[in-house]
Amino acid sequence: MAEYVLKFTKTGYSKYISHLDLMRVFARSFKIAALDIKYSQGYNPHPRMSFAQPLSLGYSSFAEYLEFETVSEHTEEELLAMLRPLLPEGIEILFIEPLDIGKKTLASETVAAEFVISFDTDATEEDLQKIMDGYVSQPEIIALKRMKKTKRLEETDIKDKIREISVSKPDQAVIRCVLDQGSGSNLSPEPLIQSFMKYADLDVPRWDVEVTRRRLFFTDRIQFQHIDNPL
Amino acid sequence: MNNITEKLERLLKRVEKPGRYIGGEVNSVRKSPEDTDVNFCFCFPDIYEIGMSYLGLQILYKAVNDRNGLFCQRAFHPQEDMEDLMREEGVPLYTLETKTPLREMDCIGFTLQYEMSFTSMLNMLDLAGIPVFSRERGEDMPLVIAGGPCATNPEPLWEFVDCFLIGDGEEALPDFLEEIGKAKKEGLSKRDFLRRACRMQGVYVPAFYDVEYNEDGTVRSYIPNVEEAPTTVRRNILPSIEDAPFPVDPIIPMVEAVHDRAVVETFRGCTRGCRFCQAGMIYRPIRERSREKIHDIALRQLRNTGHEELSLLSLSSSDHSEFEELALGLIDMTKPMNVSLSLPSLRMDKFAFEVLDRIQEYRKSSLTYAPEAGTQRLRDIINKGVTEDDIYESVREALTLGWNHIKLYFMDGLPAETYEDLDGIAEIVRNIKSINWQVNGGKLGRFRLTVSVSNFVPKAFTPFQWESQDTPESFRDKHNYLSEKLKMKGVTFNYHDDETSAFEAVFARGDRKTSALLYNAWKLGAKLDGWTEHYRPDIWEEAFRVSGIDKDFYTTRKRSFDEVLPWDIIDCGVTKSFLRSEAEKAYRAETTGDCRIKCRGCGINRYVKCEKEGILNG
Ligand code: SF4
């Protein structure tokens with residue numbers, strides 16, 4: 001038995017493949033590749049695989065991780081050669097390597113994620129930086145956040161979930177931020193986008209905002225052999 | 001990045017299931033449009049999940065893309081949310097593969113699988129920024145073609161489609177597209193190209209015929225107005241489908257399709273000759289794929305797609321001449337692969353039970369019987385060669401073996417139907433219930449019986465093409481009558497909408513005048529009519545009023561045998577005299593046997609050899 005992690009991108013139109021459909025895509029490519037993937041026990045066996053963090057529909061990503069188990073061992077080259085031709089456009093495998101983390105999962109070891117949020121605006125870089133300074137120096141950053149338990153949108157303070165945030169304007173406005181991500185504390189970019197736009201008094205429709213996940217941060221227990229820097 | 005790509009980003013974030021609109025699926029084809037002689041877009045006038053479940057798309061996609069110089073892309077009808085945004089943001093309908101606007105194609109082709117998709121075809125043209133009327137499309141617009149079973153009576157669409165391809169498309173379509181390539185190089189105008197193309201078999205160009213009408217509104221004659229136009233257009237018939245292009249690496253849909261499974265066509269055509277059935281006539285003669293070939297295609301498809309289900313496609317699975325060996329072989333193949341095998345329209349005989357017994361999964365599902373009519377008299381009239389005793393014997397076997405859900409399919413509004421035939425339906429249901437009673441030791445148990453009744457729609461190229469259709473009121477009365485009669489424990493009764501059948505009937509036997517009805521219905525907002533949530537009967541009523549079309553003329557009017565029918569311009573291979581003699585036999589409640597016992601003289605063998613003629617013993 002062997003465990004692997006597969007790091008991949010989700011760019012271009014593939015960002016519109018839903019989480020569920022992406023699961024099917026991978027399950028199917030394992031099947032076509034005739035990879036001896038391990039199946040769960042039970043009435044309705046499904047391949048043992050899971051994503052480190054689900055990605056919202058419409059987000060691009062350069063840092064998606066899929067864990068899976070196989071019955072026998074395989075080399076990285078073998079797996080790459082098998083799987084690369086079987087994935088839709090925009091899903092590129094960055095690396096595959098053995099993963100030895102015992103009972104832990106990448107999901108439980110995820111702590112934060114870096115996002116890049118970009119949009120068009122007339123505001124200058126200077127304006128934007130000033131607004132950002134004001135935004136982050138509020139004693140509380142109140143945003144509408146979907147509550148885990150009630151599933152309702154509620155106003156909460158998201159400030160302590162924002163680890164880093166900065167803005168620049170090379171061409172479009174670009175907010176780079178590192179947010180809590182994981183089972184302990186979690187912040188999706190959505191409340192941040194909405195509260196920032198409101199604070200900045202910017203009238204940018206949500207569909208004109210692009211979000212890209214550039215990197216996932218794990219606990220120190222996770223050490224990849226490959227260099228895991230953002231692209 | 002072209003203009004569409006940029007705008008699309010703003011749309012896709014706002015729609016449900018954006019995966020339908022992005023392409024890029026595994027096994028979809030990418031070629032460079034610039035290096036292609038002819039750019040073609042295959043259009044399915046329904047949403048992605050429906051269109052991607054349709055095998056014909058995958059077959060033709062491959063047949064065209066296998067040829068150098070041709071590039072086949074795809075487009076579907078978007079859901080309403082996407083359509084609204086496309087119109088709002090000015091995004092024209094585009095191809096999934098390269099996001100090229102349809103109007104930049106050399107040719108776009110619609111497949112016409114059901115009449116209720118006609119409005120969606122018009123809507124797709126409009127969404128693509130292509131004028132719906134053929135005469136309003138200039139040289140800069142793509143050639144608009146159409147094919148599929150509904151193209152056998154092409155007339156309701158004559159104003160919208162430049163040219164129809166009638167019959168088997170695997171060779172005809174790529175050949176036709178290659179002709180476009182030649183014409184492009186020579187710089188021919190569309191009209192000059194069509195003058196040349198109409199000499200090809202199966203090519204019908206409506207603009208090349210003038211139609212004269214009698215005073216009563218029936219057709220008097222078709223008069224070709226260019227010398228190249230043939231007097232009748234003969235359907236394309238592949239003499240054999242053994243080596244016809246068939247996808248072993250079909251596109252794997254991005255969003256789960258209605259049918260997400262491997263499919264192999266085992267044979268085309270049917271020899272049984274049910275008199276209401278259009279498919280049984282327009283796909284003659286029966287042409288089989290060999291067992292070895294089917295096995296090979298199935299295996300390669302399963303390996304290439306990872307599908308977990310394999311289904312066979314034909315008009316009735318059991319009629320393959322080597323069905324037993326075929327089924328057993330496929331079971332042996334699929335079992336170890338954990339693939340479930342489905343054998344649709346299986347004749348439930350002894351062997352079928354053996355097979356189903358070995359496909360364990362079937363235990364959970366239901367068994368289907370299609371007597372189509374409630375009495376032997378009416379079954380003889382429609383030439384449905386099944387007896388009640390066959391059914392009872394089979395049902396008894398099924399219940400004994402542990403099945404508990406039986407489905408029965410009937411038609412109502414058949415020619416010469418009376419209420420006694422409806423009583424016959426109830427009688428069959430009662431008899432099956434009492435068989436269950438016996439088998440289940442005097443208890444209902446988990447027994448369920450579903451009775452589905454569909455409205456008879458007379459179709460072109462069938463022995464019933466002259467018959468009158470029931471009125472919606474009569475259908476309603478019959479449904480009410482049956483609802484009462486079938487109020488029994490454990491029995492569910494389903495029936496179809498009374499109104500849609502009338503619209504289907506108008507187009508199924510429509511002449512050129514019905515195009516106005518179609519246009520008006522679309523103008524008033526009809527689209528995706530096959531979907532209950534989109535179908536608006538009020539629009540259709542209004543469209544009838546606006547276009548001044550007399551519904552009864554097309555639906556309830558019985559035609560005389562010597563009337564010139566709008567589809568007489570097409571020669572589907574089966575002769576009108578054969579259809580007429582079948583109709584006359586129906587009036588005498590005489591049956592016609594399977595032509596695998598002996599040839600019944602339908603006329604198709606004038607054009608192609610019937611390989612299965614006389615292979616069975618009477
Ligand atoms: S020509 Fe004869 S054998 Fe051939 S399809 Fe017609 S009836 Fe059957």
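All heavy atoms count here, side chains included; hydrogens, waters and symmetry mates do not. These numbers come from a predicted model, not from an experiment. Convention: sequence-line order gives letters A, B, ...; per-chain numbering from 1.
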Chain A contacts, top residue of Arg303(B), Met254(B), Glu308(B) (heavy-atom pairs, under 4.5 Å)
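Looking at each of Arg303(B), Met254(B), Glu308(B) in turn, Met254(B) comes out on top.
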Chain A interface, residue from Leu302(B), Asn304(B), Asn338(B), Leu11(B) that has the most non-hydrogen pairs under 4.5 Å
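Of the options given, most contacts go to Asn304(B).
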In terms of heavy-atom proximity below 4.5 Å to chain B, should Leu87(A) be classed as side chain, backbone, both, or neither?
backbone
Can you tell me if Gln181(A) and Arg213(A) form a side-chain donor-acceptor pair at under 3.5 Å?
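Yes, because at least one side-chain N or O of Gln181(A) sits under 3.5 Å from a partner of the opposite role on Arg213(A).
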Does any donor atom in the side chain of Tyr135(A) or Ser195(A) lie under 3.5 Å from an acceptor atom in the other side chain?
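Yes.
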Name the residue from Tyr39(A), Tyr4(A), Phe51(A) that meets the ring pair (Phe, Tyr, Trp, His ring centres under 6.0 Å) definition with Phe68(A).
Tyr4(A)
Can you tell which part of Arg20(B) gets under 4.5 Å to a heavy atom of chain A, answering side chain, backbone, both or neither?
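Neither part.
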Which answer fits Arg10(B), side chain, backbone, both or neither, if we ask what part of it has an atom under 4.5 Å from a heavy atom of chain A?
both
Taking the six-membered ring for Trp and the full ring for Phe, Tyr or His, determine whether the centres of Tyr59(A) and Tyr16(A) are under 6.0 Å apart.
no
Going through the checks in order, is the side-chain hydrogen bond (donor to acceptor under 3.5 Å, both in side chains) test met by Asn123(B) and Ser120(B)?
CA-CA 5 Å; Asn123(B) 205 40; Ser120(B) 300; over 6 Å; no
